[in-house]
Enquirer: 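Can you keep this structure in mind? I'll have questions shortly.
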Amino acid sequence: MGPGDLLILILGLGVAGFAKGTTGMGLPLVATPLLAGVFGPRAAVVIVTIPIFAANSLLLLQGWRRLDVLRGIAPILVASAAGTALGVNLLALLDQRTFAILISAMVAIFLVRGDRLIGDDPGARRARILGPAVGFVGGVLQGTTSIASPLIGSFFHARKMDRHEYVIVLAAIFELNAAIQLAGYALLGLYTPDILAIGLLGLVPTLLALMAGIFFRGRLDQGRFRQLIVVLLVLSVANLLWRSFGV
């Protein structure tokens, strides 16, 4: 890895870590495309799982007082974990273009009509059915691309959660999925010494920027936070389509 590649790694994971600390998402969204240009798409997906796991661990530790919010999303966590396990084994097989279209359509629906689709009661039947379905598809997306935030993030944005609880919920889902990714990729022999070294090196800029993002989130009010989430979701869909279709 030359100096230019190292600079991309540091800057890419630094920006990604800041986005993650601020909004609870955005780490693989920002980092994976940048790393893919240097190390290749498949290697980038594997590398970024290491910073993802570490970043979500730190977010959960930082917000441990709010972990009781996870009791209400247990079915989503289970479904997401199952989807990730499937996605890990489909890493090189899924049609990314079809997936990109489906995910983009679902994100658009959640942003435009998500509040009506889910309703005000998270315990309602439609919410109980829709939540695990979103979790499963998001898990498959994370297992194959490491990028589940467009779908998972837009779903919980539609539920109008408090900004700190929103980050904790996303961190918990992505943490569980990342643990499955780590185990699955290890069993598949994808963590070569070089990839492991790059992933561990990437922890430094990721975690430093993550802490800066956490500090910045504390200065945002709920309205500004939700606006930032919408911007990041729109960018994520644009990025997903660009990666899939080159437009």
Side-chain angles (χ1 to χ4, degrees), residues 13-32 48-77 79-81 84 107 110-111 114-115 118 122 127 131 134-135 138-139 141-142 146-181 203 205-237 239:
L13 287 173
V15 173
F18 184 81
K20 179 71 174 177
T22 304
T23 67
M25 60 184 188
L27 200 163
L29 171 69
V30 175
T32 302
V48 82
T49 56
I50 298 173
I52 288 173
F53 184 81
N56 286 310
S57 297
L58 186 57
L59 285 176
L60 290 173
L61 287 173
Q62 186 265 339
W64 66 271
R65 292 183 180 86
R66 298 175 181 268
L67 292 180
D68 58 336
V69 71
L70 301 181
R71 295 175 185 172
I73 64 161
I76 299 176
L77 285 167
S80 187
T84 303
V107 171
F110 282 131
L111 286 179
D115 52 346
I118 298 171
V134 168
L141 187 62
Q142 184 161 344
S146 284
I147 302 176
S149 57
L151 182 56
I152 300 294
S154 60
F155 174 78
F156 284 104
H157 175 267
R159 288 179 57 165
K160 300 180 180 178
M161 301 182 72
D162 169 80
R163 64 188 187 280
H164 299 299
E165 292 184 352
Y166 178 92
V167 170
I168 289 297
V169 165
L170 263 61
I173 293 173
F174 297 154
E175 175 79 334
L176 179 59
N177 293 354
I180 294 171
Q181 283 181 285
L203 291 178
T206 301
L207 296 182
L208 288 175
L210 181 85
M211 289 186 286
I214 292 172
F215 177 83
F216 180 68
R217 174 167 31 104
R219 270 73 187 156
L220 290 175
D221 60 27
Q222 185 69 13
R224 292 292 183 185
F225 178 81
R226 286 182 59 80
Q227 290 173 358
L228 186 58
I229 291 297
V230 171
V231 170
L232 195 56
L233 287 171
V234 171
L235 291 176
S236 72
V237 169
N239 174 53

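Side-chain atoms are counted along with the backbone in the values below, which use heavy atoms only and exclude waters and symmetry mates.
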Enquirer: Of all the heavy-atom pairs spanning G14 and A209, show the shortest one and how long it is.
Expert: O-CB, 2.9 Å

Enquirer: Once you round to the nearest 0.5 Å, how far does CD of Q222 lie from CD of Q227?
Expert: 11.0 Å

Enquirer: So, for G135 and I152, which heavy atoms are closest and what is the spacing to 0.1 Å?
Expert: CA-CD1, 4.0 Å

Enquirer: To the nearest 0.5 Å, tell me how far L220 CG sits from I229 CD1.
Expert: 9.5 Å

Enquirer: Less than 3.5 Å apart, which donor and acceptor atoms pair up between the side chains of residues 57-74 and the rest of the protein, not counting sequence neighbours?
Expert:
unit_1, atom_1, unit_2, atom_2, d
S57, OG, F53, O, 2.8
S57, OG, E175, OE2, 2.5
R66, NH1, D162, OD2, 3.4

Enquirer: From L228 CG over to F216 CZ, what is the distance, rounded to the nearest 0.5 angstrom?
Expert: 7.0 Å

Enquirer: Spell out, as yes or no, whether a donor-acceptor pair under 3.5 Å connects the side chain of Q181 to the backbone of I50.
Expert: no

Enquirer: Calculate, to the nearest 0.5 Å, the distance between atoms CD1 and NZ belonging to I52 and K20 respectively.
Expert: 7.5 Å

Enquirer: For residues 208-220, which residue pairs qualify under side-chain hydrogen bond (donor to acceptor under 3.5 Å, both in side chains), counting only residues two or more places apart or in two chains?
Expert: H164-R217

Enquirer: How long is the gap from CG on L210 to CG on N56, to the nearest 0.5 Å?
Expert: 8.5 Å

Enquirer: Looking at I173 and S80, what are the two nearest heavy atoms and their distance?
Expert: CG2-OG, 3.5 Å

Enquirer: Which atom names give the shortest non-hydrogen contact between T206 and A55, and what distance separates them?
Expert: CG2-CB, 4.4 Å

Enquirer: For L176 and A81, which heavy atoms make the closest approach, and how far apart are they?
Expert: CD2-CB, 3.7 Å

Enquirer: In residues 22-29, what donor-acceptor pairs under 3.5 Å come from side-chain atoms, sequence neighbours left out?
Expert:
unit_1, atom_1, unit_2, atom_2, d
T22, OG1, F18, O, 2.9
T22, OG1, G213, O, 3.4
T23, OG1, A19, O, 2.8
T23, OG1, M25, N, 3.3
T23, OG1, M25, O, 3.0

